[in-house]
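In what follows, a single structure is set out as structure tokens and then discussed.
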Amino acid sequence: MKAIVQNRYGSPDVLELREVDEPAVGDHQMLVRVRAASVHADVWHVMRGVPYVLRIMGAGLRAPKDLVPGTDLAGIVESVGRNVSRFRPGDEVFGQSLVANLWRHGGAFAEFAAVPEARFELKPAGLTFEQAAAVPTSGSLAVQGVRDEGRVQPGQDILINGAGGAVGTFAVQLAKAYGAHVTGVDALGKLDMIRSIGADRVLDYAQEDFTRSGERYDVILDIAGNHAWPAIKRAIAPEGTYVLIGHDQYGATGHRWFGSLGRFAKLMVMAPFVHQLHPFRGVKDPGDRLVALKELIEAGKITPVIDRTFPLSEVPEAIRYLESGQARGKLVVTVGD
Ligand SMILES: NC(=O)c1ccc[n+]([C@@H]2O[C@H](COP(=O)([O-])OP(=O)(O)OC[C@H]3O[C@@H](n4cnc5c(N)ncnc54)[C@H](OP(=O)(O)O)[C@@H]3O)[C@@H](O)[C@H]2O)c1
């Protein structure tokens, strides 16, 4: 089969389109003919091998242990392992190829991928394979932030910092679906799109610093992670909730060894004394998040925002575009015809 292969850490130049063997399929896995896959920040982290801690967390010390990048995909089940009970050949599915830690290559940028049944669902009715492939990781992070950690309620004011990116475009639509009043913060060129997917108000981060406006929000979902806690504290209601997703801005910020992990560690140390901080509260089975997304998509409440699609041979271009930071919503890779 054709696949994107990476033998060493580095820039998108290390990614090559090659012929490789189809992956072996375990008892709890299924072989999926990939129709579309999507790019996200963790794919970039593993390609570059930064922060270095990911190398000891399973990505591979000197070079990537698993050669084919990508984790999120949609496609058609080709065959199933002996313990797979929910799917059969011919089913159209979408999901993540890795079970827990996404700081590894997951084999999605290929014509076939061996994937765990537990991280897959039937493709939402009415979505194309491209749209479905855009959903799993970014959509699940948005559900984690808005529903599980933010516990957004109808009528609440939520501010989403970094609302025009991959996670943000899902988070805006989710927060609206849960009945919140949404303020989206991002670059000027993304604000019309953020308004078009439901944000009630948008702020250009180059013009307005939301931490200095005097306004307070019930929930701040911080994807960009560019303000320290004392600044955030000014903008959060006394009974509000701060949820940090965190972003290394494709290498521009973030510690070389630990990325944003230091910030999470600080928040966890402070959490027992600051009731606006509840890091990782309500962390649930990630499988439930994909089900929630599928239901909201089928109810017409969420539509994946796709900036561009690229053929499999152009994964390096897709990742170059990702690291430029310009993408509005998601970047998708089409596979096959
Ligand atoms: N917390 C967790 O459990 C967890 C797990 C997995 C992944 N992650 C991380 O989650 C992050 C998800 O980000 P994503 O995929 O949504 O990234 P993205 O698509 O790059 O979106 C980030 C958005 O933030 C905007 N932005 C940059 N600087 C900003 C600022 N100062 N103020 C407001 N917005 C700003 C960017 O716009 P411009 O570039 O145009 O400025 C962009 O639109 C990744 O870094 C990933 O590593 C977290």
Side-chain angles (χ1 to χ4, degrees), residues 38-48 50-51 53-54 57 71-72 96 98 100-104 134-146 148-150 159-172 183-191 193-194 197 199 202-211 220-228 231-232 235 242-255 258-261 263-265 267-268 279-284 286 289 304-308 318-319 321-332:
S38 72
V39 170
H40 57 80
D42 289 322
V43 171
W44 177 88
H45 280 295
V46 186
M47 180 195 76
R48 290 273 179 181
V50 292
V53 67
L54 68 77
M57 286 171 69
T71 63
D72 288 24
Q96 278 172 333
L98 295 176
N101 173 13
L102 290 186
W103 275 357
R104 270 181 45 203
V135 176
T137 294
S138 304
S140 298
L141 265 176
V143 176
Q144 179 182 333
V146 173
D148 300 343
E149 296 187 42
L159 179 137
I160 299 170
N161 190 32
V167 177
T169 47
F170 284 104
V172 168
T183 300
V185 184
D186 213 303
L188 177 64
K190 297 179 187 170
L191 300 185
M193 178 273 289
I194 297 168
I197 57 171
V202 290
L203 302 176
D204 170 3
Y205 68 71
Q207 296 298 325
E208 289 181 75
D209 177 348
F210 72 87
T211 69
I220 294 180
L221 180 69
D222 192 1
I223 298 159
N226 58 308
H227 294 284
I232 294 288
Y242 175 60
V243 180
L244 175 65
I245 299 284
H247 201 326
D248 294 355
Q249 309 290 351
Y250 308 107
T253 61
H255 190 277
F258 299 108
S260 302
L261 295 179
R263 277 198 75 182
F264 283 102
L267 292 183
M268 288 183 82
F280 313 121
R281 79 172 175 185
V283 169
K284 294 187 185 165
R289 297 185 183 132
V305 176
I306 296 175
D307 179 311
R308 272 191 211 174
I319 299 194
Y321 187 49
L322 179 80
E323 57 187 8
S324 79
Q326 294 167 42
R328 294 156 202 229
K330 293 290 300 183
L331 303 178
V332 172

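Note that ligands are numbered from 1 as they come in the structure, with each ligand's atoms numbered from 1 the same way. Keep in mind it's a predicted model, so treat the numbers as computed, not measured. Reckoned from all heavy atoms, side chains included, excluding hydrogens, waters and symmetry mates.
- Residue A166 touches ligand 1 through backbone and side chain together, judged by heavy-atom distances below 4.0 Å.
- Atoms CZ and CD1, on R308 and I306 in that order, are 13.5 Å from each other to the nearest 0.5 Å.
- For the atom pair OH (Y242) and CG (L221), the distance works out to 9.0 Å, reported to the nearest 0.5 Å.
- The pair R328-D186 does not meet the salt-bridge criterion, since no charged nitrogen lies less than 4.0 angstrom from a carboxylate oxygen.
- Listed by atom number, the atoms of ligand 1 under 4.0 Å from H45 heavy atoms are 47 (O).
- Here atom 21 (O) of ligand 1 lies nearest to G165 when heavy atoms of G189, G165, S324 are compared.
- Applying the side chain to side chain donor-acceptor pair (under 3.5 Å) test to N161 and every residue at least two apart in sequence or in another chain returns D222, N226.
- At a heavy-atom distance under 4.0 Å, only side-chain atoms of K190, from C-beta outward, approach ligand 1.
- Put simply, NE2 on H40 and CG on L331 are 11.5 Å apart, with the number rounded to the nearest 0.5 Å.
- Using a 4.0 Å heavy-atom cutoff, S138 is absent from the residues neighbouring ligand 1.
- Remark: ligand 1 atoms within the under-4.0 Å shell around heavy atoms of A224 are 29 (C), 30 (C), 32 (N), 33 (C), 34 (N), 35 (C).
- Across L141, I160, V39, heavy-atom proximity to atom 5 (C) of ligand 1 is greatest for L141.
- Residue F264 has at least one heavy-atom neighbour below 4.0 Å for each of these atoms of ligand 1: 1 (N).
- Using modelled atom types, no side-chain atom of D72 and backbone atom of Q96 make a donor-acceptor pair closer than 3.5 Å.
- Of all the heavy atoms of L322, none lies under 4.0 Å from any atom of ligand 1, so neither backbone nor side chain is involved.
- Of the options L188, N161, I245, the smallest heavy-atom separation from atom 33 (C) of ligand 1 is shown by N161.
- Using the six-membered ring where Trp is involved, Y250 and W44 have ring planes that are perpendicular, over 60° apart on the 30 and 60° scheme.
- Close approach to G325 involves these atoms of ligand 1, each under 4.0 Å from a residue heavy atom: 38 (P), 39 (O), 40 (O).
- Contacts of N226 with ligand 1, taken as heavy-atom pairs under 4.0 Å, involve the side chain alone.
- The closest approach between G164 and ligand 1 falls below 4.0 Å for a heavy atom of the residue.
- For the pair R263 (side chain) and G225 (backbone), a donor-acceptor distance under 3.5 Å is present.
- Interatomic distance, L203 CG to L191 CG, rounded to the nearest 0.5 Å: 8.0 Å.
- Those atoms of ligand 1 with a heavy atom of Q249 less than 4.0 angstrom away are 27 (C), 28 (N).
- Considering backbone and side-chain atoms together, Q144 places no N or O closer than 3.5 Å to any N or O of ligand 1.
- Between Q326 and ligand 1, no pair of N/O atoms sits closer than 3.5 Å.
- Under the side chain to side chain donor-acceptor pair (under 3.5 Å) criterion, D209 pairs with T211, sequence neighbours left out.
- Using a 4.0 Å cut-off to heavy atoms of G246, the atoms of ligand 1 that qualify are 9 (C), 10 (O), 11 (C), 44 (C), 45 (O).
- Between M47 atom CE and I319 atom CD1 the span is 5.0 Å, to the nearest 0.5 Å.
- Between the side chain of H227 and the backbone N or O of I232, no donor-acceptor pair lies under 3.5 Å.
- For ligand 1 and A41, the ligand atoms under 4.0 Å from any heavy atom of the residue are 44 (C), 45 (O), 46 (C), 47 (O).
- Proximity to A187 (heavy-atom distance under 4.0 Å) selects the following atoms of ligand 1: 40 (O).
- Not close to ligand 1: W44, with no non-hydrogen atom less than 4.0 angstrom away.
- With a heavy-atom cut-off of 4.0 Å, T137 does not touch ligand 1 at all.
- Between T169 and K330, the side chains place no donor N or O within less than 3.5 Å of an acceptor N or O (distance only, hydrogens not considered).
- Heavy atoms of R328 stay at 4.0 angstrom or farther from ligand 1.
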